[in-house]
Chemist: 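Following this message is one structure expressed as structure tokens.
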Amino acid sequence: MSVRLVKVSIGLVFSEVGSSIETFLKEFHQIDESSEDSITHWLKIARAKGDTQDTDPVLLNLIVELHRKVDAIEKLLRNEEPKRLSLAGKAEIESIGFEHFKLSEDVLEEGMEYYGRVTMPVHPKRDLALFFTAVDKSLAKITRIHKRDENEWGAYLTARERALIREAKESRE
């Protein structure tokens with residue numbers, strides 16, 4: 001099988017799904033819902049009404065991110081950090097494709113189904129939940145991911161690929 005992958009460095013925590021599918025599905029859906037915070041909800045409504053059309057989009061995004069940071073600090077001060085499941089494994093993703101990723105170590109069991117969390121190295125940093133199946137000991141195929149996360153994964157892949165192409169061009173000159 002030929003899978004096109006792009007070099008990255010992203011952390012992954014994961015566990016075999018086994019009989020815990022319901023527990024993992026619950027967190028999977030909670031992570032998606034937590035990405036829809038009050039400021040995101042407000043912004044969607046404002047954009048739908050057209051209230052943001054005269055606003056600089058970069059400035060608006062910066063203000064929204066500042067609001068999220070203040071919310072995060074408030075949650076930290078109140079000890080309201082989101083409770084995440086403790087996952088058994090930890091690995092480094094060394095390369096990604098649109099539907100696959102490769103780990104830097106052989107830690108997977110071929111054919112096994114896994115649940116994992118990835119902290120995307122983009123702004124704003126956030127957890128991305130996914131289910132995947134081991135193709136071999138280090139290669140995995142993503143089997144379930146939220147649509148928004150799939151778009152972010154694809155955008156990150158494309159950005160990394162462009163950066164690597166630029167680096168290769170510059171080194172030849």
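Just so it is clear, the values below take in all heavy atoms, side chains as well, and ignore hydrogens, waters and symmetry mates. Positions are given from 1, in the same order as the sequence printed here.
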Chemist: Enter the distance from Leu157:CG to Glu152:CD here, rounded to the nearest 0.5 Å.
Modeler: 12.5 Å
Chemist: Does Lys141 NZ have over 12 foreign heavy atoms under 6.0 Å away?
Modeler: yes
Chemist: So, Ser95 side chain and Val6 main chain: donor-acceptor pair closer than 3.5 Å or not?
Modeler: no
Chemist: Determine whether Leu66 and Val64 fall in the same hydrophobic cluster, where Ile, Leu, Val, Met, Phe, Trp and Tyr are linked whenever their side-chain heavy atoms lie under 4.5 Å apart.
Modeler: no
Chemist: Donor-acceptor pair, Glu92 side chain versus Leu12 backbone, under 3.5 Å?
Modeler: no
Chemist: Determine, stepwise, if the pair Thr119 / Ile10 fulfils side chain to side chain contact (heavy atoms under 4.5 Å, CB included).
Modeler: CA-CA 7 Å; Thr119 301; Ile10 306 173; over 6 Å; no
Chemist: Under a 4.5 Å side-chain heavy-atom rule over Ile, Leu, Val, Met, Phe, Trp and Tyr, are Tyr156 and Ile165 clustered together?
Modeler: no
Chemist: For a 4.5 angstrom cut-off between non-hydrogen side-chain atoms, does Leu77 reach Glu74?
Modeler: no
Chemist: How long is the span from the NZ atom in Lys69 to the CG atom in Leu62, to the nearest 0.5 Å?
Modeler: 11.5 Å
Chemist: Could you check whether any side-chain heavy atom of Tyr114 comes within less than 4.5 Å of a side-chain heavy atom of Thr133, counting everything from C-beta outward?
Modeler: no
Chemist: Distance from Asn61 atom CG to Glu65 atom CD, nearest 0.5 Å?
Modeler: 7.0 Å
Chemist: So how far is it from Ile45 CD1 to Thr52 OG1, rounded to the nearest 0.5 Å?
Modeler: 12.5 Å
Chemist: Does some side-chain heavy atom of Arg144 sit less than 4.5 Å from a side-chain heavy atom of Leu25?
Modeler: yes
Chemist: So, Glu94 side chain and Val8 main chain: donor-acceptor pair closer than 3.5 Å or not?
Modeler: no
Chemist: Do Ile31 and Ile21 sit in the same hydrophobic cluster, where Ile, Leu, Val, Met, Phe, Trp and Tyr count as joined when their side-chain heavy atoms come under 4.5 Å apart?
Modeler: yes
Chemist: With respect to Ile142, which candidate in Trp153, Phe98, Phe131 satisfies the side-chain contact (heavy atoms from CB on, under 4.5 Å) definition?
Modeler: Trp153
Chemist: Identify the heavy atoms of Ala129 and Asp149 that sit nearest to each other, and give their distance.
Modeler: N-OD2, 4.0 Å
Chemist: Let me confirm one number: the CZ-OG distance from Arg160 to Ser9, rounded to the nearest 0.5 Å.
Modeler: 9.0 Å
Chemist: Do Asp71 and His67 have side chains that approach each other closer than 4.5 Å (heavy atoms only, starting at C-beta)?
Modeler: yes
Chemist: Is any side-chain heavy atom of Leu130 closer than 4.5 Å to one of Phe101?
Modeler: yes
Chemist: Measuring from Met112:CE to Ser15:OG, what's the distance to the nearest 0.5 Å?
Modeler: 10.5 Å
Chemist: Are the side chain of Tyr115 and the backbone N or O of Phe132 linked by a donor-acceptor pair below 3.5 Å?
Modeler: no
Chemist: Is there a side chain to side chain donor-acceptor pair (under 3.5 Å) between Thr143 and Glu113 once you walk through the steps?
Modeler: CA-CA 9 Å; Thr143 56; Glu113 178 86 15; 3.2 Å; yes
Chemist: Would you mind reporting whether Leu108 and Leu103 have side-chain heavy atoms less than 4.5 Å apart?
Modeler: yes
Chemist: Any side-chain heavy atom of Leu5 within less than 4.5 Å of one from His100?
Modeler: yes
Chemist: Does the plane of the ring in His146 sit parallel, tilted or perpendicular to the ring in His29? Use 30° and 60° as the thresholds.
Modeler: perpendicular
Chemist: Would the distance check show the side chain of Arg117 and the main-chain N or O of Arg84 forming a donor-acceptor pair, the cut-off being under 3.5 Å?
Modeler: no
Chemist: Going by heavy atoms in the side chains, are Lys137 and Glu110 under 4.5 Å from each other?
Modeler: no
